[in-house]
Amino acid sequence: MALLQISEPGQSPDPHQRRIAVGIDLGTTHSLVASVRHGAAECLPDAQGRVILPSAVRYLLDDRGQVRRQIGYDAIAQQAEDPLNTIVSVKRFMGRKLADLPDAGRLPYQFEDQPGMVGVHTVAGVKSPVEVSAEILANLRQRAEDTFNDDLFGAVITVPAYFDDAQRQATKDAAQMAGLNVLRLLNEPTAAAIAYGLDNGAEGLYAIYDLGGGTFDISLLQLSRGVFEVVATGGDSALGGDDIDHILADAALAEAKMEAVTPQDKRTVLVAARRTKEKLSTDGNAHLSCALSGGMLSVTITREHLAELAKPLIDKTLASVKRVLRDAKVKADEVKGVVMVGGSTRMPAVRDAVGAFFGQTPLTDLNPDEVVALGAAIQANLLAGNNTQGEHLLLDVLPLSLGLETMGGLVERIIPRNTPIPCARAQDFTTFKDGQTALAVHVVQGEREQVEYCRSLARFELRGIPPMAAGAARIRVSFQVDADGLLSVSAKELQSGVEASVVVKPSYGLSDEQVANMLREGFTTAAEDMKDRALREARVEAERMLEATRTALAADGDLLSAEQRAEIDRLMAQIGQRCDRGDLEALEAATKALAHGTEAFAAERMNRSIRQALAGRKLDQV
Ligand code: ADP
Ligand code: MG
């Protein structure tokens with residue numbers, strides 16, 4: 001696969017004009033801002049010395065009815081009291097419609113579909129996830145500006161590798177709303193790899209294992225000649241440390257033969273379980289104790305017991321890892337290094353399992369909460385032109401294939417999934433009918449051979465094609481995906497130069513489960529799809545043959561005797577019958593029979609047109 005290189009602004013900056021650039025990890029539960037200072041990336045603390053900002057925003061009204069906001073720890077502190085107006089995990093709603101959020105019913109919010117994406121009712125009105133994210137980003141921007149006592153030049157913001165166009169666009173919109181100049185959106189695993197400086201090290205494959213609070217992501221990166229390429233991604237959007245808290249809470253309750261009855265009880269025991277779990281990352285055993293409505297819950301948990309409880313979950317993550325390796329056609333021992341990201345990778349059981357799986361000790365030197373922000377800061381510093389070390393190349397991949405609908409409802413894949421971005425591909429198409437002056441372009445995303453099983457991204461029409469014989473027009477359709485994963489498609493008729501294009505900014509997103517489903521379906525149905533594709537192609541071919549014969553008959557039918565004409569009509573009718581049946585071979589045979597049966601007629605027509613062309617002309621004029 002040819003790699004497309006991105007060259008970064010390489011001009012060496014005047015040291016007095018150093019531009020302040022930051023990296024922001026806009027996380028589901030936590031967000032951080034980091035910057036390169038004195039040659040090293042570091043996370044910037046708030047006034048209380050805390051680097052983590054909980055990704056939470058609370059809207060409230062003050063005494064005079066004015067809208068106020070609490071962000072981060074202040075918002076979290078009020079979450080139990082004011083759940084409706086305290087928005088957490090907003091990242092899950094970015095670029096999504098209500099229909100994309102299967103667990104919306106279990107959340108305390110009042111959702112409402114707005115143009116583009118879902119909104120949440122609060123005392124301050126309906127808030128879009130973009131607005132809520134912008135509050136978090138603006139808070140971090142303020143923190144950075146206070147730290148440097150200067151304006152920011154720009155920011156690199158990280159997003160999950162599987163984020164689709166809508167989710168990436170929503171993230172950019174949020175940054176813009178927060179007054180940030182987005183230098184680039186960067187995939188989280190790529191940022192983690194940069195933080196470890198893997199781009200300066202040995203070439204090869206690296207795995208990024210990211211187990212957070214609510215999500216698990218696994219990414220494979222290939223480093224060659226200082227260039228990162230995301231080879232494949234996978235994971236589980238509903239698997240993380242929170243699930244371990246639930247399992248531990250249930251186990252503790254069972255051991256004490258108690259129950260968490262009220263919603264308050266359930267919250268309390270979960271908080272205690274999480275605290276105990278985190279303590280067990282450093283200690284051999286810990287007490288889980290809390291006051292429930294039915295009395296005191298108090299049990300001792302050992303690290304081994306927690307490891308046992310977490311095992312099914314950890315095994316599930318390893319199953320995802322296996323899938324991704326299989327997808328990329330590599331073996332675990334071909335992986336050169338494993339980077340651990342996310343708070344849950346502090347658990348020794350997780351480190352041990354991942355280490356055993358890959359047969360090597362994973363990289364854990366950097367703080368797993370900070371590593372993504374640190375990598376983003378290094379990248380931001382480069383993009384701001386502060387680094388004279390030369391260019392830095394980064395590549396990410398498309399999560400799903402992009403293609404076009406062709407005749408017969410089939411998909412012509414233009415850019416296969418896992419192609420590094422930015423990328424551009426073009427393919428030539430032609431017209432199906434004589435005199436066709438317009439071409440409908442339907443852009444789809446997905447792994448299946450049939451349009452109806454792929455996701456429709458955009459439709460547009462190329463008009464004004466000069467009338468030509470079927471198959472004579474050359475229409476070049478170009479796909480271009482920019483560094484942020486946004487797609488533009490253009491179609492151009494090469495002879496006349498008429499052109500039409502569309503930029504795809506889907507108004508709703510695709511959940512990663514949907515992406516996973518589309519991939520899974522694509523794999524399991526591949527053989528069936530191929531058969532179906534062959535049949536559809538045969539139908540298109542038959543249709544083309546019929547159309548050409550009809551045109552010829554209309555123009556030169558008088559060349560045929562009644563018998564010859566009857567024979568051709570019979571062959572055409574035969575195709576019509578076989579088109580309706582699903583028998584591929586019979587249809588192909590009928591099409592071939594018509595082609596054969598009209599050969600003499602075609603020769604006659606050729607003679608006639610040559611005679612006409614020559615009529616009245618001298619030989620030397622020809
Ligand atoms: P996210 O990426 O989802 O925003 P984080 O990467 O911040 O989340 O990870 C949060 C998760 O990490 C929580 O489930 C938390 O309990 C867990 N965690 C944090 N510190 C530890 C620790 N010392 N041991 C085990 N788990 C931890
Ligand atoms: Mg994370």
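Everything quoted here is computed from the prediction, not taken from an experiment. Scope of the values below: all heavy atoms of this structure, side chains included, with no hydrogens, waters or symmetry mates.
- Between M572 and L546, some side-chain heavy-atom pair lies under the 4.5 Å cut-off.
- Under the 4.5 Å side-chain criterion, counting only non-hydrogen atoms from C-beta, V411 is not in contact with R448.
- Taking CD from Q495 and CD1 from I475, the interatomic distance works out to 10.5 Å, rounded to the nearest 0.5 Å.
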For residues 434-441, tabulate all N or O donor-acceptor pairs below 3.5 Å that involve a side-chain atom, not counting sequence neighbours.
from : atom 1 : to   : atom 2 : distance (Å)
D434 : OD1    : A470 : N      : 2.5
Q436 : OE1    : F432 : N      : 2.7
Q436 : OE1    : K433 : N      : 3.0
Q436 : NE2    : A438 : O      : 3.1

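- Atom CG of L594 sits about 4.0 Å away from atom CE of M545, to the nearest 0.5 Å.
- Results of the ring pair (Phe, Tyr, Trp, His ring centres under 6.0 Å) test with Y209 over F216, F357, F358 single out F216 as the only residue that passes.
- Aromatic ring centres of Y196 and Y206: separated by at least 6.0 Å.
- Around the NZ atom of K127, the shell of radius 6.0 Å holds more than 12 heavy atoms that belong to other residues, nucleotides or ligands.
- Distance alone, capped at 3.5 Å, is enough to place a donor-acceptor pair between the K91 side chain and the L26 backbone.
- Using modelled atom types and a 3.5 Å distance limit, the side chains of S55 and T29 yield no donor-acceptor pair.
- With hydrogens and angles disregarded, no donor-acceptor distance shorter than 3.5 Å links the side chain of N187 to the backbone of P189.
- Under the 3.5 Å distance criterion, the side-chain polar atoms of K97 are matched with a main-chain donor or acceptor of Q114.
- Between T317 and L313, the closest side-chain pair of non-hydrogen atoms is not below 4.5 Å.
- Among all heavy-atom pairs drawn from S133 and A174, the shortest one is CB-CB, 3.8 Å.
- Residues S401 and E447 have side chains that bring a donor and an acceptor to within less than 3.5 angstrom of each other.
- Salt bridge status for D327 with R323: absent, with no side-chain N to carboxylate O gap under 4.0 Å.
- More than 12 non-hydrogen atoms from other residues, nucleotides or ligands lie less than 6.0 angstrom from CD of E452.
- The closest side-chain heavy-atom distance from I218 to D210 is not below 4.5 Å.
- With P362 as reference, V338 is the one residue of V339, V338, T345 to meet the side chain to side chain contact (heavy atoms under 4.5 Å, CB included) rule.
- Judged purely by atom type and a 3.5 angstrom limit, S490 has no side-chain atom pairing as donor or acceptor with the backbone of S501.
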**Request:** Given side chain to side chain contact (heavy atoms under 4.5 Å, CB included), test T28 with R92 step by step and report yes or no.
**Result:** CA-CA 7 Å; T28 310; R92 290 182 186 272; 4.2 Å; yes
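- For the salt bridge (charged side-chain N to carboxylate O under 4.0 Å, His left out) test, no residue two or more places apart in sequence or in another chain qualifies with E405.
- In this structure, H246 places its NE2 atom where only 12 or fewer heavy-atom neighbours from other residues, nucleotides or ligands lie under 6.0 Å away.
- Here CZ of R413 is found 12.0 Å from CD of Q445. Values are rounded to the nearest 0.5 Å.
- The closest side-chain donor-acceptor pair between Q169 and D173 falls under 3.5 angstrom.
- Nearest approach of A232 to V324, heavy atoms of both residues: CB-CG1, 3.9 Å.
- Annotation for E493 and P466: closest pair OE1-CD, 3.9 Å, computed over non-hydrogen atoms.
- More than 12 heavy atoms of other shown residues, nucleotides or ligands fall within 6.0 angstrom of atom CZ in R550.
- In this structure a side-chain-to-backbone donor-acceptor pair under 3.5 Å is missing from R476 to Q427.
- Remark: side-chain polar atoms of S344 are paired, donor with acceptor, to backbone N or O of G212 under 3.5 angstrom.
- Side-chain atoms of L410 and E537, non-hydrogen and from C-beta on, do get closer than 4.5 Å to each other.
- With a 4.5 Å cut-off on side-chain heavy atoms, V230 and T190 count as touching.
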**Request:** Decide side chain to side chain contact (heavy atoms under 4.5 Å, CB included) for L487 and L457; before the verdict, give the C-alpha distance in whole Å, the side-chain angles of both, and the deciding distance to 0.1 Å.
**Result:** CA-CA 10 Å; L487 167 71; L457 288 181; 4.0 Å; yes
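- Separating the CG atom in D583 from the CD atom in E588 is a distance of 9.5 Å, to the nearest 0.5 Å.
- Residues V350 and M340 have side chains in contact (heavy-atom distance under 4.5 Å, counting atoms from C-beta outward).
- Judged by distance alone, the side chain of R578 and the main-chain N or O of A586 form a donor-acceptor pair under 3.5 Å.
- Within 6.0 Å of the CD atom in Q176, the count of heavy atoms belonging to other residues, nucleotides or ligands does not exceed 12.
- The pair E599-K592 fails the salt-bridge criterion, with no side-chain N (NZ, NE, NH1 or NH2) lying under 4.0 Å from an Asp/Glu carboxylate O.
- A distance of 5.0 Å separates CD in E547 from OG1 in T551, rounded to the nearest 0.5 Å.
- Between the side chains of E131 and S128, no donor N or O sits under 3.5 Å from an acceptor N or O.
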**Item:** Residues V443, L404; criterion side chain to side chain contact (heavy atoms under 4.5 Å, CB included); working and verdict
**Value:** CA-CA 5 Å; V443 184; L404 279 185; 4.2 Å; yes
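- A 4.5 Å side-chain heavy-atom check between F163 and T158 finds every atom pair outside the cut-off.
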**Item:** Stepwise side chain to side chain contact (heavy atoms under 4.5 Å, CB included) check, L223 with D199
**Value:** CA-CA 7 Å; L223 178 70; D199 44 339; 4.3 Å; yes
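- In this structure, D25 contributes its side chain and V372 its backbone to no donor-acceptor pair below 3.5 Å.
- The CG atom of L571 lies 9.0 Å from the OG1 atom of T549; values are rounded to the nearest 0.5 Å.
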